[in-house]
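Below is one structure, written out as structure tokens; the observations come after it.
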Amino acid sequence: QTILTARKVAIFSTVTDELLSDFPTFAQYLDVELQRQETESENWQVISGSGTGDDLLGFLNQPGTMGRVKQSTDTALDCIEEGITDLRNGPSFCEPDAIIINPSTWSAIRRTKDSYGRYLLGDPGQVTVNDVWGVPVMQTTQMLPGTIVMANLEIAAQAFIREGITLAMTNSSDDDFTHGKVKIRATERLTSTS
């Protein structure tokens, strides 16, 4: 049996009463922006969380995971293909179904050219390539540049949302009421396992 503890991920911002009343569309923008930041924070937790305190245990800190360091003689595409082979032959014997990568790292790989100056992953005028060696690529800024997580997420990872993203507002924190300030918070409770 495994017991998973739901962790709270929270983002907040402080705004003035005047800003909320003078610019009603700003409140809508702030709601959307806080939810976006909450999702980014969740992504960071699932990928890089340390597993201590309120952090989830992210993919990069899971015990027993395999790693591969790019050798000086390897291209990034070589290293990815070798990682796929590692997963197929290693202790998991699985087929990867996702590559999680930082957009800047993916951009560098996408710009790889042959000796004639042709892009290896497709002509820029064609439909964008979103896979490598048949494995779908998922981009997020929450992945460290130069680092890739490759996994079979279908069989090796699960996320459980205990409580979806909720927004709350208050002006009763510290001296916010007397200074005309409102704190807006987005929270979510979740846990994951891999």
Side-chain angles (χ1 to χ4, degrees), residues 9 11 28-29 31-50 55-161 164-165 186 188 190-194:
V9 178
I11 300 292
Q28 294 171 349
Y29 162 77
D31 287 350
V32 170
E33 179 60 17
L34 284 175
Q35 289 183 57
R36 184 196 66 76
Q37 289 182 23
E38 181 70 21
T39 301
E40 289 294 308
S41 181
E42 173 188 319
N43 287 343
W44 185 88
Q45 287 285 337
V46 169
I47 293 168
S48 302
S50 67
D55 278 2
L56 296 173
L57 183 58
F59 294 139
L60 295 175
N61 294 308
Q62 290 288 336
T65 57
M66 293 186 296
R68 172 167 286 281
V69 176
K70 181 178 168 289
Q71 302 300 313
S72 60
T73 56
D74 289 341
T75 67
L77 292 172
D78 291 336
C79 194
I80 291 172
E81 198 284 328
E82 291 165 348
I84 292 170
T85 302
D86 289 345
L87 284 174
R88 289 175 178 160
N89 294 325
S92 58
F93 296 108
C94 71
E95 192 70 30
D97 64 4
I99 294 171
I100 305 170
I101 191 168
N102 183 284
S104 62
T105 306
W106 178 234
S107 173
I109 293 170
R110 292 250 329 149
R111 288 182 277 114
T112 304
K113 298 176 187 175
D114 66 14
S115 60
Y116 295 104
R118 296 174 297 196
Y119 290 97
L120 295 178
L121 295 180
D123 188 298
Q126 296 175 341
V127 177
T128 304
V129 174
N130 287 315
D131 63 59
V132 176
W133 304 107
V135 181
V137 172
M138 298 167 32
Q139 299 178 60
T140 177
T141 56
Q142 300 307 305
M143 176 58 74
L144 298 171
T147 302
I148 295 173
V149 167
M150 186 182 316
N152 185 310
L153 298 179
E154 184 177 351
I155 64 171
Q158 277 187 297
F160 302 95
I161 306 296
I165 296 175
E188 181 178 23
L190 70 153
T191 190
S192 67
T193 182
S194 53

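Basis for what follows: all heavy atoms, side chains included, without hydrogens, waters or symmetry-related copies. FYI, the numbering just counts along the sequence from 1.
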Checklist entry - Looking at Ile100, Ile99, Ile101, which one forms a side chain to side chain contact (heavy atoms under 4.5 Å, CB included) with Met150? => result Ile99
Checklist entry - Can you check whether Trp106 reaches Ile148 side chain to side chain, under 4.5 Å on heavy atoms? => result no
Checklist entry - So do the side chains of Leu60 and Val149 get within less than 4.5 Å of each other, counting heavy atoms only? => result yes
Checklist entry - Counting N and O atoms only, with roles assigned by atom type, does the side chain of Asn102 sit under 3.5 Å from a partner on the main chain of Met143, one being a donor and the other an acceptor? => result yes
Checklist entry - Going by distance alone, is a donor N or O of one side chain under 3.5 Å from an acceptor N or O of the other, for Thr141 and Glu40? => result yes
Checklist entry - Is the shortest heavy-atom distance from the side chain of Leu121 to the side chain of Thr112 under 4.5 Å? => result no
Next on the checklist: If you define the side chain from C-beta out and look only at heavy atoms, does anything of Ile165 sit under 4.5 Å from Thr39?
Outcome noted: yes
Checklist entry - What is the distance from atom OG of Ser48 to atom CG of Leu56, rounded to the nearest 0.5 Å? => result 11.0 Å
Checklist entry - Can you find a heavy atom in the side chain of Tyr119 that is under 4.5 Å from one in the side chain of Arg111? => result yes
Next on the checklist: Taking Ser41's backbone N and O only, do any of them form a donor-acceptor pair with Gln142's side chain (distance below 3.5 Å, no angle check)?
Outcome noted: no
Checklist outcome for this item: In this structure, CZ of Arg110 is separated from CG of Asn130 (nearest 0.5 Å) by 7.5 Å
Checklist entry - More than 12 non-hydrogen atoms from neighbouring residues, nucleotides or ligands closer than 6.0 Å to CD on Glu154, yes or no? => result no
Checklist entry - Is the closest side-chain donor-acceptor distance between Glu81 and Thr85 under 3.5 Å? => result yes
Item to check | pair Leu87-Glu95: side-chain heavy atoms closer than 4.5 Å | outcome: no
Item to check | Interatomic distance, Glu42 atom CD to Gln35 atom CD [nearest 0.5 angstrom] | outcome: 12.0 Å
Checklist entry - Is it true that Arg118 and Asp114 make a salt bridge, defined as a side-chain N closer than 4.0 Å to a carboxylate O? => result yes
Checklist entry - Under 4.5 Å between any side-chain heavy atoms of Asn61 and Asp55, yes or no? => result no
